[in-house]
Amino acid sequence: MSQRGKELASTFSPAEIEAPLYEKWISAGYFTADANSTKEPFSIVLPPPNVTGILHIGHALDQTLQDCLARIKRMKGYEVLWLPGMDHAGIATQNVVEKQLAAQGMSRHDLGREEFVKKVWQWKAESGGAILGQMRRMGDSVDWSRERFTMDEGMSNSVLALFKKMYDAELIYRAERIINWCTRCLTALSDIEVEHQDDAGEFVQVRYGDGEQSIVVATTRAETMMGDGAVAVHPNDPRYKHMIGTEVLLPLVNRMIPIIADELVDPDFGTGAVKVTAAHDPNDFEMAMRHNVPFVVIMNEHGIMEGSGTEFDGMDRFDARVAVVAKLKELGRIVAEKRPYIHAVGHCSRCDTTVEPRLSKQWFVKVAPLAKASADAVRSGAVKIEPEELAPRYFDWVDNMHDWCISRQLWWGHRIPVWYGPNGEMVVVGPGESAPAGYVQDVDVLDTWFSSGQWAFSTFGWPEKTADLAKFYPTSVLVTGYDILFFWVVRMMMMSTFAMDGVPPFKTIMLHGLVRDQFGKKMSKSRGNVVDPLEFMDKYGADALRFTLARGANPGTDQALAEEWVGGSRNFATKLWNATRFAMMNGATVEGPMPEVSKLSAIDKWILSRLTETIRDADSLFEKFEFAKASELIYHFAWDDLCDWYLELSKESFATGSAADSQRVLGHVLDQLMRLLHPLMPFITEELWVSLTGGESLVIAKWPEANLNYLDKMAENLVTQMQAVITEVRRFRNDQGVKATAKIPGRLTTNGELAKYASAMGFVLKLEVKEFTPTASFEIGSVKCELDLSGTVDVVAERARLTKDLATVQKDQQTAQVKLGNEGFMAKAPLEVVTEIKERLVKTQAEIERITAALAALPST
RNA sequence: GGGUGCUUAGCUCAGUGGUAGAGCGUCUCGUUUACACCGAGAAUGUCGGGGGUUCGAAACCCUCAGCGCCCA
């Protein structure tokens, strides 16, 4: 069914075309990838949004860029798979459901584990995945038939298989360590789930021991002193050297503790002596391991003091801090205090509770070998990071990674596949296996990132040897914000490279920045500057939002976004709509072969030349992930070259009815432009292109190729001259107060090639062709312009204009003269630069002559 | 404290050695049958300060100042 020539509505309304077009694409199955295809694969896995999430502006950017790449590659003939899905987002989701329960006065413990998990699934089914529906609004060309969820059967299988594989390779172990503990979520957290904030705490100096045998320690956490096992100083600190190896009395609990020497202590910090609380501080834990300092636990999982055997037991940790300091003060042991003392304190990234370092038995991933492989993959060039300036950040992370705590004391997530026997036996259960009778499964679940880290291969069916895995792994490019480089990208690299026997998960990691508000400030609810992409799409259309985001997307850098700019993109869409409508009204067509180039007008040759340059340059920019620059380039070609100049210069020939060649050229230019713009603005381009060409769909159309035969510097030069003439005459008219709409008698005379286009220029300038007596006459280059202003020329305005122009040109001339008079310049500057300056000098001289003559010709006032 | 960016027109940003650019905003004129979600024209910057390298610096080097981000 051809829709060619279907008349376009007189105004463009995105809402009317978007949803039907998306339906068309889906029902045609364009986005469904074929693993058995012989085409070269191009695959992207969508960074899975949280199941709890809705589309925010960052997703909109991320998806615009991915869709743009997917669509280009599809048009280039690749077998494209863009795989969508969601992340179960352990803590985040569990918190949401717990909040709902709390609203009913219940906790998860009231329901019990099984019922609670059922409830989460139920909630996921009801309100989860809103974001996936919103992706349709964006026009995302994802393969819905392959949609995945990190807790679906296949991925759960993959989690079991990989856990076992890693365990067998001794990359997973269980140990008692200091971990980050959230006293509200009651779970362990990995390092990246902790956010450091500058908090107002206190810094107190406490005297341990008495008289000769005393030492002053500095601490921000006085309440943990009951758990101290030692005092540490730097081994070379002259103040304390003589005390190393001796003991001091620990106040409040009256226990003797040793003074140890450790290089970890910074002699310049505080008093140079620190308390060692092995069970409640990660650094102290390390020192304690080296010096056999005992672990004294004095706090429980809720952050309540417990087991210290003092009056403070039963107090909240923060209350205890106040009470302990008060007591020490009473005992005369406080030497100095500073309050507030601003220092970095870890907070739970999900609920903001102050994180408590806690000694606890957890499962860990031994990251050293995995991180090394991940680093090597990038260092060797097997995986490229774009832009490469961000690679150091990646290395900084993978080269200094701590072991990864993967167990969580949550209920929502993949349960740890380890079963314990009645006599302390332990067995790891892989896919399809089961534990011996009487064994009990570990109650904890795995960190969300343990499963989402497998996203690049488990989504293709691993550990089965599937066709998808063979065809689409490794994926071509990972598109994501630099803010999750450490969170997710590194984990994907580690887990994939291990699971896939050394093959990293992507060939390129393309990092984009964050979307900020119009003043470049970070968007946040508290600032009230959060924008809603859905609202923008409602108001301006998906294409406008996409184009705005792409146009702001310089590699790896943040972009500011203002609503007006989205409006500007909508204006661009409208411009395209109207230009195409106008072109079709004037017979633009893609029927028949392209005319012989040599027979075309310079105007036609010029637009083909510009089209070729635009295609060539935009394509190369897209290949380099330079979305902003590619968008800018296409925007200016479409608006400036095509609409403002080509259509205007062609109006005369369209009006006179002898424009078959131009109609074909214009049809071709629009056809190619729509293809080029389609990845950025899929809806409007599809609508216009189908109307213009009667083709099936741009989604499956061929990507434009730059036809280098169309490059024509002569034609470009000629049109540049035409533009100069037209601009100059317009300026003159404007200065003279002649309305742009007013037709005035006038003529342009010139010689050579340009003479052929005098009437086209005259048409644009609304010059009336008739006999007249010029009242104004001037020259622009080789073109003489004579006008009848039907009255006197505004001499004052004209003199002012010419005088200003003269000054500008004289300055240019001077600059050129100075350069050419500079011996150093003449001796050392490259020849082409010297030639260019010489040409500039000649031009300025001619221009000065012209303006001087024009000034002289003005009647004196 | 360690690392890493940034500072260019009113705002947000391009611009890595050869006469300063874009979008938005501003001013003037204009309803010409593609488009007022438009057109035409205009104004606006000693490229953060100072020093250096160079025939030539917004760009390269040094230094100072301010802002940001990541990590601890």
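Everything quoted here is computed from the prediction, not taken from an experiment. By convention in this document, chain letters (A, B, ...) are assigned in the order of the sequence lines, proteins followed by strands, and residues within each chain are numbered from 1.
For residues 557-568 of chain A, the pairs satisfying salt bridge (charged side-chain N to carboxylate O under 4.0 Å, His left out) are A:R516-A:D558, A:K539-A:E563, with sequence neighbours left out. The salt bridge (charged side-chain N to carboxylate O under 4.0 Å, His left out) contacts involving residues 385-397 of chain A comprise A:K384-A:E386, where partners must be two or more places apart or lie in separate chains.
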Taking only N/O atoms, report every protein-nucleotides 18-21 of chain B pair under 3.5 Å with atom names and distance.
unit_1 : atom_1 : unit_2 : atom_2 : d
B:U19  : OP2    : A:R840 : NH2    : 3.2
B:U19  : O4'    : A:R840 : NH1    : 3.4
B:U19  : O2     : A:D812 : OD1    : 3.0

Just the atom pairs and distances: protein N or O near nucleotides 8-13 of chain B's N or O, under 3.5 Å.
unit_1 : atom_1 : unit_2 : atom_2 : d
B:U12  : OP1    : A:F519 : O      : 3.4

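If you check B:C67 for Watson-Crick or wobble pairing at under 3.5 angstrom, you find it paired to B:G5. B:G39: Watson-Crick or G-U partner is B:C29, with both key distances under 3.5 Å. Pairing of B:C47, defined by two Watson-Crick or G-U wobble distances under 3.5 Å, is not identified with any nucleotide. Pairing for B:A57 is absent, with no Watson-Crick or G-U wobble pair whose two atom distances lie under 3.5 Å.
When the P atom of B:G2 is taken as reference, atom CG of A:D266 falls 12 Å away, rounded to whole Å. Here the C1' atom of nucleotide B:G3 and the CG atom of A:L390 are 13 Å apart, to the nearest Å.
Separation of the C1' atoms belonging to B:C27 and B:U32 is 23 Å when rounded to the nearest angstrom. Comparing the C1' positions of B:A57 and B:A20 gives an interatomic distance of 13 Å, to the nearest angstrom. Taking atom C1' in both B:G50 and B:C13, one finds a spacing of 27 Å when rounded to whole Å. If you take atom C1' in B:G10 and the same atom in B:U19, they sit 25 Å apart, rounded to whole Å. One P atom belongs to B:G66, the other to B:G25, and the distance between them is 35 Å to the nearest Å. Using C1' as the reference atom, B:A43 and B:G56 are 30 Å apart when rounded to the nearest Å. If you take atom C1' in B:A9 and the same atom in B:A22, they sit 11 Å apart, rounded to whole Å. Between B:A59 and B:G17, the distance separating the two P atoms is 11 Å to the nearest Å.
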field: Intermediate values then yes/no, side chain to side chain donor-acceptor pair (under 3.5 Å), A:D640 and A:Y635
entry: CA-CA 8 Å; A:D640 301 351; A:Y635 175 91; over 6 Å; no
Evaluation steps, side chain to side chain donor-acceptor pair (under 3.5 Å), between A:N554 and A:K629: CA-CA 8 Å; A:N554 282 300; A:K629 290 178 183 66; 3.0 Å; yes
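Among the protein residues, A:A827 comes within range of no part of the nucleic acid, since none of its heavy atoms lies under 4.0 Å from any strand. Counting non-hydrogen atoms under 4.0 angstrom, A:K811 reaches nothing in the nucleic acid.
Residues passing the side-chain hydrogen bond (donor to acceptor under 3.5 Å, both in side chains) test with A:T220: none are found, sequence neighbours excluded. Residues satisfying the ring pair (Phe, Tyr, Trp, His ring centres under 6.0 Å) test with A:F395, not counting sequence neighbours, are none. Evaluation of the salt bridge (charged side-chain N to carboxylate O under 4.0 Å, His left out) rule for A:E613 yields A:R610, A:K713 as partners, not counting sequence neighbours. With sequence neighbours left out, the side-chain hydrogen bond (donor to acceptor under 3.5 Å, both in side chains) criterion links A:E623 to A:K73, A:K76. Looking at residues two or more places apart in sequence or on another chain, you find no side-chain hydrogen bond (donor to acceptor under 3.5 Å, both in side chains) involving A:W181. In terms of the side-chain hydrogen bond (donor to acceptor under 3.5 Å, both in side chains) criterion, A:T64 has no residue partners (sequence neighbours excluded). Applying the ring pair (Phe, Tyr, Trp, His ring centres under 6.0 Å) test to A:F683 and every residue at least two apart in sequence or in another chain returns A:W25.
The phosphate of B:G68 (OP1 or OP2) has no side-chain N or O of A:K521 nearer than 4.0 angstrom.
Using a cutoff of 4.0 Å between basic side-chain nitrogens and carboxylate oxygens, A:K804 and A:D735 are not scored as salt-bridged.
In the set B:C24, B:A22, B:A34, the nucleotide with an atom closest to the side chain of A:R551 is B:A22.
With a 4.5 Å cut-off on side-chain heavy atoms, A:T580 and A:M674 count as touching.
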- request: Spell out protein contact along nucleotides 35-42 of chain B as letters: B when the base is contacted, S when just the sugar-phosphate is, - when no protein heavy atom is under 4.0 Å; keep the 5' to 3' order.
  value: B-BSSBSS
